[in-house]
**Q** 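Below is the structure I would like to discuss, written out as structure tokens.
Naming convention: chains lettered A, B, ... in sequence-line order (proteins, then strands); numbering from 1 in each chain.
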Amino acid sequence: LAKTTQPISMDSYEGQEVNITCSHNNIATNDYITWYQQFPSQGPRFIIQGYKTKVTNEVASLFIPADRKSSTLSLPRVSLSDTAVYYCLVVGGKLIFGQGTELSVKP
Amino acid sequence: AAGVIQSPRHLIKEKRETATLKCYPIPRHDTVYWYQQGPGQDPQFLISFYEKMQSDKGSIPDRFSAQQFSDYHSELNMSSLELGDSALYFCASSSMLRDRGLNEQFFGPGTRLTVL
């Protein structure tokens, strides 16, 4: 199973764009890259998923280079409510959670 | 929209007791996953079921068992409880769209199990 590596924590301020990069050097051909968000004592929530290039939805963008060995989650204009743990996962069925990135958004 | 339902939301047990956690997936979802999240830890995959058959197995102790019933709800049975079993237990469900590669899992609110 591909292992992911992402920063343990990040700080930001309201209104800024936040980019969280994840490394997954051993990603398999059939794997998709998925990001989940988790608030304390709540279940993780799906944010976005992609295979290659760029994917955008109403809450985030996901950039994946051609070699797919990394990906970057981009959160535009974060607010205090975006303070959470963000997990990067390489998905082939079950979700294997590594250490997520604890994002703290300050006023 | 209907979400994943888990019951009970909170459960307190003594060591060596048994516990049963229930999960009701989103209607028409055919796959159920169980995760365990200890205090300050990341969620750990335990087991999953697809169309009532076990589809994958993770770090689930032998003291635990699970099954998915004909109505697609699932139960996680935990016996000989230990202090270390205290955790949040999440159930997630999904609808297998294998061709598109999208496997968004919808998580329930979790059951907080405390073993004393």
Side-chain angles (χ1 to χ4, degrees), chain A residues 1-9 20 22 24 27-53 55-60 62 64 68 71 73 84-103, chain B residues 1 3-6 9-10 21 23 25-26 29-50 54-60 66 86-114:
Chain A
L1 291 171
K3 179 182 176 181
T4 60
T5 304
Q6 53 185 116
I8 294 175
S9 64
I20 306 175
C22 176
H24 27 80
I27 189 170
T29 303
N30 295 331
D31 289 335
Y32 281 71
I33 299 150
T34 308
W35 286 79
Y36 277 76
Q37 175 194 55
Q38 186 178 28
F39 297 110
S41 297
Q42 293 186 28
R45 185 176 72 97
F46 174 92
I47 300 175
I48 197 167
Q49 182 180 78
Y51 185 80
K52 61 180 178 180
T53 65
V55 179
T56 297
N57 62 21
E58 62 275 10
V59 298
L62 179 60
I64 306 169
R68 304 198 332 119
S71 59
L73 174 72
V85 177
Y86 292 81
Y87 291 98
C88 164
L89 301 103
V90 174
V91 179
K94 64 194 174 201
L95 300 179
I96 304 297
F97 289 86
Q99 186 169 47
T101 297
E102 192 168 349
L103 174 65
Chain B
V4 175
I5 298 172
Q6 291 188 246
R9 294 293 309 278
H10 301 272
L21 279 54
C23 169
I26 292 172
H29 278 192
D30 50 27
T31 306
V32 167
Y33 306 81
W34 286 96
Y35 296 86
Q36 176 193 58
Q37 187 170 28
Q41 303 295 313
D42 304 307
Q44 297 296 312
F45 170 74
L46 294 178
I47 195 167
S48 63
F49 293 87
Y50 169 65
Q54 181 181 308
S55 55
D56 207 341
K57 194 172 182 180
S59 52
I60 183 169
S86 295
L88 262 173
Y89 289 83
F90 291 108
C91 169
S93 73
S94 70
S95 173
M96 280 302 184
L97 297 174
R98 295 182 186 277
D99 293 340
R100 294 170 53 188
L102 180 64
N103 182 24
E104 179 179 351
Q105 295 186 21
F106 295 81
F107 283 75
T111 294
R112 183 175 294 280
L113 172 66
T114 301

**Q** So how far is it from B:Q105 CD to A:R45 CZ, rounded to the nearest 0.5 Å?
**A**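 It comes to 15.0 Å.
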**Q** In terms of heavy-atom proximity below 4.5 Å to chain A, should B:P109 be classed as side chain, backbone, both, or neither?
**A**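 Contact with chain A: backbone only.
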**Q** For side chain to side chain contact (heavy atoms under 4.5 Å, CB included), just list the numbers for A:L95 and B:Y33, CA-CA rounded to whole Å, side-chain angles, deciding distance to a tenth of an Å, and then say yes or no.
**A** CA-CA 9 Å; A:L95 300 179; B:Y33 306 81; over 6 Å; no
**Q** Mark yes when over 12 heavy atoms from residues, nucleotides or ligands other than A:E102 sit less than 6.0 Å from its CD; otherwise mark no.
**A**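 Incorrect, the count does not exceed 12.
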**Q** What part of A:Q99 lies closer than 4.5 angstrom to a heavy atom of chain B: side chain, backbone, both or neither?
**A**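 Both parts, backbone and side chain.
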**Q** Do you know which two heavy atoms are closest between A:F97 and B:Q44, and how far apart they sit?
**A**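 Nearest heavy atoms, A:F97 then B:Q44: O-NE2, 4.2 Å.
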**Q** With respect to A:P44, which candidate in B:Y35, B:F106, B:F107 satisfies the side chain to side chain contact (heavy atoms under 4.5 Å, CB included) definition?
**A**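 The single option meeting the side chain to side chain contact (heavy atoms under 4.5 Å, CB included) with A:P44 is B:F107.
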**Q** Measure distances from A:Y87 to the heavy atoms of chain B and classify the residue's part below 4.5 Å as side chain, backbone, both or neither.
**A**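 Answer is side chain: those atoms of A:Y87 sit under 4.5 Å from chain B.
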**Q** So which part of B:Q6 gets closer than 4.5 Å to some heavy atom of chain A, the side chain, the backbone, both or neither?
**A**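 For B:Q6, there is no contact with chain A at all, as no heavy atom is under 4.5 Å.
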